[in-house]
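Remember, it's a predicted structure, so these values are computed and weren't measured experimentally. All values below come from the heavy atoms of this structure, side chains included, with hydrogens, waters and symmetry mates left out. Chain identifiers are assigned alphabetically (A, B, ...) following the order of the sequence lines, protein sequences preceding nucleic acid strands; residue numbering begins at 1 within each chain.
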2 protein chains.
Amino acid sequence: MARTTDTRERVLQAALESFGGPGYEATSLDDVAAELGVSKQTILYYFPSKAALLDAVIDLSAAELAGALEDAVASSPPGWPRIEAVVRSVFRLALRRPELLGLIREVTRLGPPAATRLTDDLEPLVVRARGFLEAEMAAGHMRRSDPRLVLMSAYSTVIGVATEVEVLRAVGVEPGMKAMVRRRTELLDFLKSALVVPGSEPTST
Amino acid sequence: MARTTDTRERVLQAALESFGGPGYEATSLDDVAAELGVSKQTILYYFPSKAALLDAVIDLSAAELAGALEDAVASSPPGWPRIEAVVRSVFRLALRRPELLGLIREVTRLGPPAATRLTDDLEPLVVRARGFLEAEMAAGHMRRSDPRLVLMSAYSTVIGVATEVEVLRAVGVEPGMKAMVRRRTELLDFLKSALVVPGSEPTST
DNA sequence: CGCGCCACTTACCAGATGGTAGAGAATGGG
DNA sequence: CCCATTCTCTACCATCTGGTAAGTGGCGCG
């Protein structure tokens with residue numbers, strides 16, 4: 001009975017890697033099956049269609065992302081350190097599970113209905129993040145502006161910097177762990193400059 | 001003889017819209033042909049293969065993007081106003097030719113060899129941008145940091161904000177011209193805070 | 001034993017895909 | 001008038017796609 005769950009999860013994992021890497025359309029069910037050493041029908045046994053498989057992969061990814069962010073939030077005090085912790089955890093994900101961020105990127109590209117499912121999954125996270133930003137702004141730790149748009153800018157920047165390897169190569173940055181660390185540092189500076197009210201952080205809660 | 005160029009350009013245009021919208025793999029040559037009211041073989045007469053068509057579309061897009069940015073640079077003084085002009089021109093593109101930014105996003109996702117061609121096309125632009133940032137930093141108008149990474153962050157943010165309509169919807173921002181203007185304003189604030197050394201801009205050239 | 005359920009397979013299919021072969025119309029130059 | 005070139009078409013094809021139908025073997029349970 002462990003077997004049952006085992007295959008199902010292996011399918012999910014392989015699909016996540018392919019959908020988040022080469023992409024959804026670029027991946028055939030045969031590809032996924034071949035990589036697992038099973039037949040395509042085994043996949044269709046667990047998931048009635050390719051679209052259903054994508055849905056399941058989205059749910060899985062959203063849950064994993066949410067988990068990582070929850071951990072980052074829970075283990076950091078409010079204020080700038082929390083933002084830093086969240087960005088660090090996203091970069092850790094970019095290193096350890098690049099396919100996960102790749103999938104998120106891919107899904108936003110695919111549009112509805114996949115994108116809708118993802119955003120539904122992540123909505124609670126967004127709500128909490130917005131609340132956090134509002135509180136920080138109200139407390140005077142952060143520049144006053146529309147939290148939704150700040151969230152949007154920060155999201156785009158973090159995902160972009162963490163995933164756009166090709167673009168990085170274009171601007172002359174070679175990928176690698178050391179470069180990734182430097183990028184993270186640079187990005188944190190960038191965000192800090194953009195968000196934090198100077199002189200307010202040492203006194204934050 | 002005008003005829004010749006005409007069909008060819010219409011093919012290019014239709015392909016740009018499809019590749020930059022639904023995506024490269026999601027678009028069949030028959031789709032493009034149907035939208036133009038010609039047969040698929042007409043496309044294959046001008047472009048030997050789908051990949052070759054993509055290459056041509058990439059060149060076209062890179063040229064148009066470069067043109068828009070050149071204009072923005074030429075019509076603005078150095079310093080912060082130039083950055084603002086560039087961001088504005090990208091947003092104008094996002095409104096008037098969304099498929100163009102979509103294509104760039106798509107190509108960076110596809111990876112080599114398409115991505116390589118795009119980055120080759122845009123390399124001169126990147127070099128100039130880097131030079132500009134270095135000069136601004138040297139003049140003390142901009143925070144000192146690695147220009148390549150600043151460029152990367154700015155690119156991710158601008159492209160992200162200008163293209164990720166789905167994500168925007170997720171955080172509660174409905175697309176539309178008014179919303180777009182607000183996003184642009186917010187983004188400019190964001191970038192300005194992140195990049196500009198306070199008090200330095202009034203004295204810039 | 002034997003019945004049925006679970007996990008998985010082989011066999012198959014209809015439709016779409018990128019691409020080839022080659023013919024038909026229009027044009028223009030000798 | 002005829003040939004050659006340019007452009008576009010119809011006809012066709014091998015391959016791959018997601019998905020269906022129909023089993024097969026094993027394991028637990030009465």
Side-chain angles (χ1 to χ4, degrees), chain A residues 1-60 103 106-107 109-114 117, chain B residues 1-60 103 106-107 109-114 117:
Chain A
M1 171 234 194
R3 217 76 237 299
T4 284
T5 326
D6 191 35
T7 301
R8 209 190 119 96
E9 304 238 320
R10 283 179 48 208
V11 169
L12 274 174
Q13 196 51 48
L16 170 54
E17 269 162 45
S18 290
F19 292 169
Y24 178 70
E25 287 110 346
T27 302
S28 72
L29 292 183
D30 287 299
D31 290 343
V32 179
E35 202 158 335
L36 285 165
V38 301
S39 71
K40 169 173 60 178
Q41 285 63 29
T42 301
I43 299 177
L44 288 166
Y45 170 74
Y46 289 102
F47 307 94
S49 70
K50 194 186 179 186
L53 174 58
L54 176 62
D55 281 349
V57 168
I58 289 173
D59 291 346
L60 175 73
L103 183 92
E106 169 77 349
V107 169
R109 187 188 70 89
L110 289 171
R117 173 170 276 258
Chain B
M1 169 239 194
R3 216 77 238 299
T4 283
T5 325
D6 192 35
T7 302
R8 208 189 119 97
E9 304 235 321
R10 284 180 49 212
V11 169
L12 273 174
Q13 196 52 46
L16 171 54
E17 269 162 44
S18 290
F19 291 168
Y24 178 70
E25 287 111 345
T27 303
S28 71
L29 292 182
D30 287 298
D31 290 342
V32 179
E35 201 159 335
L36 285 165
V38 302
S39 70
K40 170 173 62 178
Q41 285 62 31
T42 300
I43 299 177
L44 288 166
Y45 170 75
Y46 290 102
F47 307 94
S49 70
K50 194 184 179 187
L53 174 59
L54 176 62
D55 281 350
V57 168
I58 290 174
D59 291 346
L60 174 73
L103 183 91
E106 170 77 349
V107 168
R109 186 188 70 88
L110 289 172
R117 173 170 276 258

Just call it for A/Leu44: base, sugar-phosphate, or nothing, with non-hydrogen atoms closer than 4.0 Å on any strand. base

Separation of atom CG in A/Asp31 from atom C1' in D/dC16, rounded to whole Å: 10 Å

Every protein N/O within reach of nucleotides 10-14 of chain D N/O, cut-off under 3.5 Å:
| residue | atom | partner | partner atom | Å |
| --- | --- | --- | --- | --- |
| D/dA11 | N6 | B/Gln41 | NE2 | 3.2 |

For A/Glu35, check side-chain hydrogen bond (donor to acceptor under 3.5 Å, both in side chains) against everything at least two apart and list the hits. none

Using modelled atom types and a 3.5 Å cut-off, is there a donor and acceptor pairing between side-chain atoms of A/Glu106 and backbone atoms of A/Tyr24? yes

With a 4.0 Å cutoff (strictly under), does any side-chain N or O of B/Tyr45 reach OP1 or OP2 of D/dC9? no

Determine, stepwise, if the pair B/Val57 / B/Val107 fulfils side-chain contact (heavy atoms from CB on, under 4.5 Å). CA-CA 10 Å; B/Val57 168; B/Val107 168; over 6 Å; no

Could you give the CZ-to-C1' distance, from A/Phe47 to D/dG18, as a whole number of Å? 16 Å

Do B/Thr42 side-chain atoms and B/Val38 backbone N/O form a donor-acceptor pair below 3.5 Å? no

Can you tell me which nucleotide in C/dG18, D/dG19, D/dT17 comes closest to the side chain of A/Asp30? D/dT17

Which residues pass the side-chain hydrogen bond (donor to acceptor under 3.5 Å, both in side chains) test with B/Gln13, sequence neighbours left out? B/Arg97

Report yes if a side-chain nitrogen or oxygen of B/Tyr46 is closer than 4.0 Å to either non-bridging phosphate oxygen (OP1 or OP2) of D/dT8; otherwise report no. yes

Write down the distance between CG (A/Leu53) and P (D/dG19), rounded to a whole number of angstrom. 10 Å

Rounded to the nearest 0.5 Å, the NZ atom of A/Lys40 sits from the NZ atom of A/Lys50 at a distance of 11.0 Å

What's the spacing between A/Ile43 CD1 and A/Leu36 CG if we round to 0.5 Å? 6.5 Å

Distance in Å, A/Glu25 CD paired with B/Thr27 OG1, rounded so as to fall on 0.5 Å steps: 8.5 Å

Mind listing the residues from residues 18-28 of chain A sitting with a heavy atom below 4.0 Å of DNA chain D? Number order is fine. A/Thr27, A/Ser28

Is it true that a side-chain atom of A/Arg117 and a backbone atom of A/Ile58 form a donor plus acceptor pair closer than 3.5 Å? no

When rounded to the nearest 0.5 Å, the distance separating CG of A/Asp55 from OG of A/Ser49 is 7.5 Å

Rounded to whole angstrom units, what separation is found between the CG atom of B/Leu29 and the C1' atom of C/dA16? 12 Å

Once side-chain hydrogen bond (donor to acceptor under 3.5 Å, both in side chains) is applied, do any residues pair with A/Ser28, and if so which ones, sequence neighbours excluded? A/Asp31

In whole angstrom, give the distance that lies between atom CD1 of A/Ile43 and atom P of D/dG19. 11 Å

In whole Å, what is the span from the CZ atom of B/Arg8 to the P atom of D/dT6? 14 Å

Would you list the protein and nucleotides 22-26 of chain D atom pairs, both N or O, that sit under 3.5 Å from each other?
none

